[in-house]
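The chains referred to below are lettered A, B, ... by the order of the sequence lines, with proteins before strands, and numbering in each begins at 1.
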Protein chains: 2
Amino acid sequence: MTESLTDQRRLRPRGSNLGRELAEKLRARIIGGEFPPGARLPSETAISDAYGVSRVTVRTAVKLLESQGMVNVRHGSGTYVADFGGQVRTGLQELRSISETIQEMGFTPRMERYRMEQRPATPEEAAKLAIDDGTEVISIQRAILADEIVMAYSYDVIPSSLIPASHVGELGVDSLFRVLDQLGLQPVRALAELHAVNSTEVAWGPSQPESGLYLLLDQVHQDQRGAAVAYSRTYFVEGRFQFMILRTR
Amino acid sequence: MTESLTDQRRLRPRGSNLGRELAEKLRARIIGGEFPPGARLPSETAISDAYGVSRVTVRTAVKLLESQGMVNVRHGSGTYVADFGGQVRTGLQELRSISETIQEMGFTPRMERYRMEQRPATPEEAAKLAIDDGTEVISIQRAILADEIVMAYSYDVIPSSLIPASHVGELGVDSLFRVLDQLGLQPVRALAELHAVNSTEVAWGPSQPESGLYLLLDQVHQDQRGAAVAYSRTYFVEGRFQFMILRTR
DNA sequence: TAACCGTCAGTTGTAGGACGACTTACGTCT
DNA sequence: AGACGTAAGTCGTCCTACAACTGACGGTTA
């Protein structure tokens, strides 16, 4: 068995590398306030000295932060912390669970399960997940709350073959991402479609919003090889969740 | 056939660099179908030989494409074209004009100007643009059409001080981005907010959509220094414009 | 036969040093 | 005071080399 090898690999998060790790550290220092918006980061050579890595690695880290909109790199001048309104930092384009985002915003997230069932995939779901028509899938309907206020209604679909029976129970309780992570199925990207929806058939349970106006995030989550691991439709109640997109060149 | 990028340095547009240029060329080849989804790109050394640039430059280009979700890089294996369901669609997070996006999708874009005026900024606009209350701004209301069908209604606001009188005339006709580009005001990032809107007061003119359901993209465009150069609200008619977001780790 | 396990070539990740291109500040000259 | 040249600092690109990883091939073993 090669179990010991995989365990060692876990010490360094799977799929990460020095560049990503350094980017995460720098990001933490920026968020921590050490480098306020507009401030200049140390030079690349200074950073490479401080962290004991090569300047190549520093550059990949900085480039990553730049692509996330955290910093602006100016040739000949330096690298500067981007100035967003002071508070916003997580954009929609970064892949993370909604629960975590709610938590980072200072609220208490909670999941409420409405229905969970195993059934054949509908043609649309099969197309999105690139599986055969009628393959068994697990369907989960949940509400996502922040401080007991409904933020969104989610409809998730996962092929049953990906979830061993021992983990099915966690699906309705824990975050979808966390369960997938435990199974070694880290989605690294998601192809999302956006729609405005006005319907009374989305919400369920108590404290339904009055307007019926939602922002629909229709997502296919993929692993590193491009294989679809989950299909989720999340209906965000308009006005309750601030959606930020960072558009970069 | 090797082409050297460094030879034509004088022709290079401002603010670009070799890495970005190479990324653009590779992107064109991918979109052109030379490398279909799932295909492996030539190795980094092969690309660096073919284009006459160093492997470092190739890596920055590939990293850029990776951050845009165009490719997946696998250590020890190669770089593979990401698989979006067969079609190539431009993601929302890449900053480009709507006209260009329409054109890339194979339609004919057209702008229709409804109203353009110079007036003091409203408090909300002043806040978004980080200017003093009541500063003179130019306000433009337009419709964006693809093959003569209204895709979106846009409400743009630019501080008057940025636009010399000689260029004001072009504002309603040409793309906003193109005018700003001619003035050396290249927006490199935009902080956008997303909303679902249901209103009958957005549309004007003939061929108004029946539903009144829109996806509102509320954007503040910034230059490289983080200064706000324009504030735009674009109401996309629901269902007519496919919105793609690429979420990456 | 079938599973296992090195080996090896190919590819991406990281290192170190060097120089070019650009920005900024500062001192000099007019 | 203003224009200009200079120099130091910083990012952009190049070169070479090696480490880490992947995938395929073949030999070994049960």
### Query
With B/E44, which residues qualify under salt bridge (charged side-chain N to carboxylate O under 4.0 Å, His left out), at least two apart?
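Listed in chain order: B/R55, B/R59.
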### Query
Taking for each residue the nucleotide of DNA chain C with the nearest heavy atom, is it A/V56 or A/Y80 whose nucleotide lies nearer the 5' end?
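Mapping each residue to its closest nucleotide by heavy atoms, the 5'-most match is A/V56.
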### Query
Which residue, B/E44 or A/G52, contacts DNA chain C at a nucleotide closer to its 5' end, judged by nearest heavy atom?
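Between the two, 5'-proximity favours B/E44.
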### Query
Who passes side-chain contact (heavy atoms from CB on, under 4.5 Å) against B/R119, sequence neighbours left out?
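In terms of side-chain contact (heavy atoms from CB on, under 4.5 Å), with neighbours along the sequence ignored, B/R119 is linked to B/E117, B/T122, B/E125, B/V137, B/S139, B/V157.
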Write out a two-atom table: protein N or O, nucleotide N or O from nucleotides 18-20 of chain D, distance below 3.5 Å.
| unit_1 | atom_1 | unit_2 | atom_2 | d |
| --- | --- | --- | --- | --- |
| D/dA20 | N3 | B/H75 | NE2 | 3.2 |

### Query
When you measure from the centre of the six-membered ring of B/Y80, is the NZ or CZ of B/R74 under 6.0 Å away and within 45° of the axis?
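That pair qualifies as a cation-pi contact.
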Go through [options] for me and flag the one nearest to the [X] side chain.
X	options	result
B/V73	D/dG23, C/dG13, D/dG12	C/dG13
B/L18	D/dC14, D/dG23, D/dC11	D/dC14
B/T57	D/dC11, C/dT23, D/dC14	D/dC14
B/N17	D/dT13, C/dG13, D/dT10	D/dT13

### Task
For B/E66 and C/dT12, give me the distance from atom CD to atom C1', rounded to whole Å.
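To the nearest whole Å, that distance equals 11 Å.
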### Whole-Å gap separating C1' (C/dA15) and CG (A/L22)
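Answer to the nearest Å: 14 Å.
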### Query
Looking only at heavy atoms, what is the nearest atom pair of B/V71 and B/L41, with distance?
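Reported closest heavy-atom pair: CG1-CD2, 4.5 Å.
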### Task
Scan A/T45 against the nucleic acid and name what it touches under 4.0 Å (heavy atoms): base, sugar-phosphate only, or nothing.
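No contact.
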### Task
State, with a plain yes or no, whether a side-chain heavy atom of A/V81 is found less than 4.5 Å away from one of A/M70.
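Side chain of A/V81 against side chain of A/M70, heavy atoms only: no contact under 4.5 Å found.
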### Query
Is a salt bridge present between A/D156 and A/R233, judged by a nitrogen-to-oxygen distance below 4.0 Å?
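Between A/R233 and A/D156 there is no salt bridge, as every charged N stays at least 4.0 Å from the carboxylate O atoms.
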